[in-house]
*Asks:* 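My questions will all concern the structure given below.
The chains referred to below are lettered A, B, ... by the order of the sequence lines, with proteins before strands, and numbering in each begins at 1.
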Protein chains: 2
Amino acid sequence: MPKTKQFNKDKVLEVASDIFRQRGYNGTSIDEILKATGLSRSSLYDSFNDKHTLYIQSLEHYKNLEMHRYEITDDKKLNGLQKIEFLFKEVVNLLSTHPEDNGCLMVNAAAEMSKKCDKTYAVVCNNKESAEELFTNWLADAQNDKVIPADKSPKTYSPFLFNTLCGLKVMSQSGASKAELNSVVKVTLDALV
Amino acid sequence: MPKTKQFNKDKVLEVASDIFRQRGYNGTSIDEILKATGLSRSSLYDSFNDKHTLYIQSLEHYKNLEMHRYEITDDKKLNGLQKIEFLFKEVVNLLSTHPEDNGCLMVNAAAEMSKKCDKTYAVVCNNKESAEELFTNWLADAQNDKVIPADKSPKTYSPFLFNTLCGLKVMSQSGASKAELNSVVKVTLDALV
DNA sequence: AAAATTTCAGAATACTCATTCCAATTCAGA
DNA sequence: TCTGAATTGGAATGAGTATTCTGAAATTTT
């Protein structure tokens, strides 16, 4: 009997997370999200409760999407080190392809909200752990394949890789050129071998 | 004949930059700044024009202060590599001493405003260049003192160091422990030798 | 002490924002 | 086709915002 939902919740989160990414939590108005999603005010509040809930769900959606993009690298026939290299090249390409629109919602959320909102903090921490876990696995693979030395413990090098990744996202907002980002990646990868 | 200013502009910028650091540009209201500085509304608008101008001046003030803190390292009787190490240890201490209040205005500004405001972008870029210049000098010193190999070009390693620095500031907002930050620093420094 | 000129307090203005609410619309199932 | 529950558009609400303005208070120099 009920009328069916006229919109797809994931699509809405997709659009919303992109606006939050560009404009931040405090810089985004509900009206902007309504316009971008085409949703009615009532539908939005009915489905997502309030702006803050929508933000947290957008964060989670973004995190899942980004991690999924990263994990796709696993399907490629590459050794662990090559996977790491592939991921970093992809990130650099993404960051430098659209210089005017290349922020990262996770980094922005860490900067803007992490200290003010426990739920944001939880997602941000969770994202860090997931990414580091991925790196840890790839580093271990690389060791098994003897492409990186056995004494370079995956557990200590994975935070280093994640740190570089976060750095790149800030650098790209600070006027760094693609060449510079690539050079940072090269030095980082050299540190592994 | 005129009444003298009842407040010190630098002190106001000090307080304002700290609030902007904690709450971001869009998250900060003029009223909060008035309360924290004790200034009257009229005095603030008389001295700083508007919120946006105050923000840019706060950014510049913060940048100068941070760079000054970094440059103090130059006074110590250390070789280039030791100076780099000292700076990173200081940053890690600062980041982990007040876990609940350890953001960096420059990183936050890069995330929140860099793409939306040319003046913010200019300060953020300028900060990057100043920091990298400092690192370049220290790396060159270290090469002269033969503590790092001659083939590690300061020009390519200084962006790497700045990248690590930015990463640390994001990591500390993402639940990284002091031990983890230190470990990132150790790997970074190992990459230099 | 008076004058000159700034500082200051706070009311007033003119938004913008998140959220609520209600009436009108829509549509799956009987 | 009719019905009932959900969806929807958009007006209404109420709080918060940056900024302006006016007149009173303050203070240094003459």
*Asks:* Regarding B:Thr136 and B:Ser158, is there a side-chain donor-to-acceptor distance under 3.5 Å anywhere?
*Replies:* yes
*Asks:* Taking the minimum atom-to-atom distance to the side chain of B:Asp50, which one of D:dT19, D:dG10, D:dT8 wins?
*Replies:* D:dT19
*Asks:* Within this structure, what is the CG-to-C1' distance between A:Asp31 and D:dG9, rounded to whole angstrom?
*Replies:* 13 Å
*Asks:* Nearest whole angstrom, please: distance from the C1' of D:dA18 to the CZ of B:Phe48.
*Replies:* 16 Å
*Asks:* When you measure from the side chain of A:Ser40, which nucleotide among D:dT8, C:dA9, D:dG10 comes out closest?
*Replies:* D:dT8
*Asks:* With a cut-off of under 6.0 Å to the ring centre and 45° to the axis, is A:Lys9 in cation-pi contact with A:Phe48?
*Replies:* yes
*Asks:* Does B:Ser42 make a side-chain N or O approach to OP1 or OP2 of C:dC8 shorter than 4.0 Å?
*Replies:* no
*Asks:* Rounded to whole Å, please give me the gap between CZ in A:Arg41 and P in C:dA18.
*Replies:* 9 Å
*Asks:* I need the CG-C1' distance between A:Leu44 and D:dT7, as an integer number of Å.
*Replies:* 13 Å
*Asks:* Given atom CG of B:Asn26 and atom P of D:dT17, what is their separation to the nearest angstrom?
*Replies:* 12 Å
*Asks:* Quick one: on DNA chain C, does A:Lys51 or B:Leu39 contact a more 5' nucleotide (nearest heavy atom)?
*Replies:* B:Leu39
*Asks:* From the options D:dT20, D:dT7, D:dA11, select the nucleotide whose nearest atom is closest to the side chain of B:Tyr45.
*Replies:* D:dT20
*Asks:* Would you call the rings of B:Tyr55 and B:His52 parallel, tilted or perpendicular if under 30° counts as parallel and over 60° as perpendicular?
*Replies:* tilted
*Asks:* From CD1 of A:Ile30 over to C1' of C:dC21, roughly how many Å is that when rounded to an integer?
*Replies:* 16 Å
*Asks:* May I have the distance from B:Arg23 (atom CZ) to D:dT17 (atom P), rounded to whole angstrom?
*Replies:* 9 Å
*Asks:* Parallel, tilted or perpendicular: which one describes the rings of B:Tyr25 and B:Phe20, with boundaries at 30° and 60°?
*Replies:* parallel
*Asks:* Looking at the side chain of A:Ser29, which of D:dT19, C:dC17, C:dT19 is the nearest nucleotide?
*Replies:* C:dC17
*Asks:* Please state how far atom CG in A:Leu34 lies from atom P in D:dG9, giving the value in whole angstrom units.
*Replies:* 10 Å
*Asks:* Do A:Lys128 and B:Glu180 meet the salt-bridge criterion of a basic N to acidic O distance under 4.0 Å?
*Replies:* yes
*Asks:* With a 4.0 Å cut-off on heavy atoms, is B:Thr28 in touch with a base, just the backbone sugar-phosphate, or nothing at all?
*Replies:* sugar-phosphate
